[in-house]
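These notes concern the structure reproduced below.
Just the heavy atoms: all of them, side chains too, but no hydrogens, waters or symmetry mates, feed the values below. Both counts, for ligands and for their atoms, begin at 1 and track the order of listing. Keep in mind that this is a model prediction, so the values were computed, not measured.
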Amino acid sequence: MKKVLVTGGAGFIGSNYVHYHSEKYPEDKLYVLDKLTYAGNLPNIQTLVDAGKVVFVKGDIADLEFVQELFKAEKFDTVINFAAETHVDRSIIDPGIFVETNIVGTHNLLLASRENNVSRYHQVSTDEVYGDLGDSGEGFFTEDTPLAPNPPYAAAKASADLLVRSYYETYKFPVTISRCSNNYGPYQFPEKLVPFFFKLANEGKPLPVYGDGKNVRDWLYVVDHCKAIDLVVQSKNYGEVYNIGGHNEKSNIEIAHLILKFLGQDETLITFVEDRKAHDRRYAIDPTKIGKDLGWQPGVKFEDGIKMTFEWYKNNQAWVDEIKNRVLVGDEKTGRQPNG
Ligand code: NAD
Ligand code: DAU
C-alpha cells in the first residue's frame with residue numbers, strides 16, 4: 001500500500017487519472033489536493049470520495065506553510081503534480097497567477113517532498129514548453145528539442161520543469177517529467193477548444209476560430225495520457241523526461257467541422273476572429289522514447305475517442321450546465337454573459 005498524492009485531481013486530466021489509478025491500484029491510499037479554482041470540479045471525483053477511495057484536501061500548492069504541514073502529517077510515498085493554471089488565453093490576460101501556481105507551487109511541492117523523503121515525484125508537463133514547429137508541416141518535438149516557450153502559460157510550465165530537473169541534478173531526488181500533447185475526453189472545462197466549441201455549436205452559437213484556423217495540435221485521448229503517466233511513475237528512470245503523443249495532428253478548423261457534423265449544425269457557425277497573441281502554429285510529438293523504454297502506445301484511435309467524447313458531452317449536459325455558470329474566457333472577450 002502506497003500513499004499517493006495527486007495534486008490538481010479535481011481538474012480534467014487529474015480527475016481522469018484519479019479514476020484510472022483508483023481502479024488499477026485499489027490497495028493504494030489516494031489523496032487529492034486541489035484549490036478548486038474555476039477549473040476544479042469536485043463532482044468529477046465525488047463518487048470516489050464518497051466510497052472512501054479518495055481523501056480530498058482543499059488547498060493551494062502556492063501556500064508553502066500549508067503544503068509543508070500536509071506533507072509532514074501525511075508522509076506521502078508518491079506525488080504526482082497535475083495542479084496548474086492551464087489556459088493559454090488566461091495567461092495572456094493575467095500571467096501573475098501562472099507564476100504563483102505553476103512555478104512557486106511546483107517548487108513548494110518539491111521542497112516538501114524532499115523534506116519528507118517522498119520516494120517518487122512526477123511532474124505533469126506539456127509539449128508547449130518546446131514552442132512552435134512553424135508552418136512547414138515537418139519535424140517533431142523530441143525530448144532533446146530546446147525549450148522555447150511562447151505564451152506565459154508555457155513559460156511558467158517550462159520554468160517548473162527546470163526546477164524539477166534541478167532537484168535531480170542537485171540532490172539526485174527521484175523525479176520524472178512527462179510532456180504531453182493536447183488531450184481530449186470527458187471532464188474538460190468548456191473553455192478549451194473541443195468542449196467550448198461543442199457547447200457553442202450545441203446552442204447554435206458562432207464558433208470563434210482564431211486567425212485562419214490552420215494551427216495544428218496533436219490530439220490524444222485523456223486515458224492514454226493517464227496510462228503513460230502511470231508507466232513513467234512506475235519506472236525508476238529518475239531524472240528522465242518522456243514525451244507523450246499519438247501522432248494525431250488536426251487543424252482547429254478540422255475540429256470545428258467534426259463538431260458541427262456530429263451535431264448536425266450548419267458550417268456558417270464558423271466565425272474567424274482575431275488571432276491569439278503568440279499563437280503557436282503547430283505542435284507535434286515524437287513519442288519514440290516512451291514506446292522504446294516503457295512500451296507505451298496509444299490505445300484509442302482518434303476517430304473512436306473523439307466520438308466517445310462528443311457522446312459524453314451530449315449525455316452529460318447536467319455537468320456542462322453546472323460549470324457553465326462560471327465565467328468563460330471566451331465570454332469575457334466577446335462580452336457575452338456566462339449564460340447568454
Ligand atoms: P485543469 O485546468 O482542468 O485542472 C487544473 C486543476 O488544478 C484544477 O482542478 C484546479 O482547481 C487545480 N489547481 C489550480 N491551481 C491550483 C493551486 N494553486 N493549488 C492546488 N490546485 C490548483 O487542467 P488539465 O487540463 O487537467 O491539466 C492538468 C495538467 O496537465 C497541467 O499541469 C497541464 O499543464 C498539463 N497538461 C494539460 C494538457 C491538456 O491538453 N489539457 C496537455 C498536456 C499537459
Ligand atoms: O499542447 C498541450 C496544451 O494544450 C496544454 O498544455 C494546455 O493546458 C491546453 O490548454 C492546450 O493548449 P492549447 O492552447 O493548444 O489549447 P486550447 O484548447 O486553448 O486551443 C487549442 C487551439 O484552438 C489553439 O490553436 C487555439 C484554438 N482556439 C482555441 C479557443 C479556446 C480557437 O481557435 N478558438 C477558441 O475559442
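In this structure, Y184 has its ring center closer than 6.0 angstrom to the ring center of F302. Remark: aromatic rings of F189 and F12 are distant, center separation not under 6.0 Å. Aromatic ring centroids of W312 and Y187 lie under 6.0 Å apart.
The side-chain tip of K157 does not point at the ring of Y153 from less than 6.0 angstrom away and within 45° of straight on.
Counting atoms of ligand 1 from 1 in the listed order, those under 4.0 Å from a heavy atom of F82 are 28 (C), 29 (C), 31 (C), 32 (O). Interface of G59 with ligand 1, defined as ligand atoms under 4.0 Å from a residue heavy atom, comprises 19 (N), 20 (C). Residue Y283 has at least one heavy-atom neighbour below 4.0 Å for each of these atoms of ligand 2: 1 (O). Interface atoms of ligand 1 facing L36, defined by a heavy-atom separation under 4.0 Å, are 11 (O).
Nearest-residue assignment for atom 19 (O) of ligand 2 (options E128, K250, K214, R276; heavy-atom criterion): R276. Of all the listed residues (F272, F141, Y210), Y210 holds the heavy atom that lies closest to atom 29 (C) of ligand 2. Around atom 1 (P) of ligand 1, the closest heavy atom drawn from T86, I285, I244 belongs to T86. Of the listed residues (K157, E191, K192), the one carrying the non-hydrogen atom nearest atom 31 (C) of ligand 2 is E191. Among Y184, Y283, Y153, the residue whose heavy atom lies nearest to atom 33 (C) of ligand 1 is Y153.
At least one heavy atom of H279 sits less than 4.0 Å from an atom of ligand 2.
Annotation: atom 32 (O) of ligand 1 to nearest protein heavy atom, K157 NZ, 2.6 Å. Of all protein heavy atoms, the one closest to atom 38 (C) of ligand 1 is I13 CD1, 3.5 Å.
Taken from OH in Y238 to OG in S119, the straight-line distance is 7.0 Å, to the nearest 0.5 Å.
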Quiz prompt | Chi angles and distances behind the side-chain hydrogen bond (donor to acceptor under 3.5 Å, both in side chains) call for R282, S136 | solution = CA-CA 9 Å; R282 175 174 166 254; S136 71; 5.3 Å; no
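By the criterion of a heavy-atom distance under 4.0 Å, neither the backbone nor the side chain of S15 is placed next to ligand 1.
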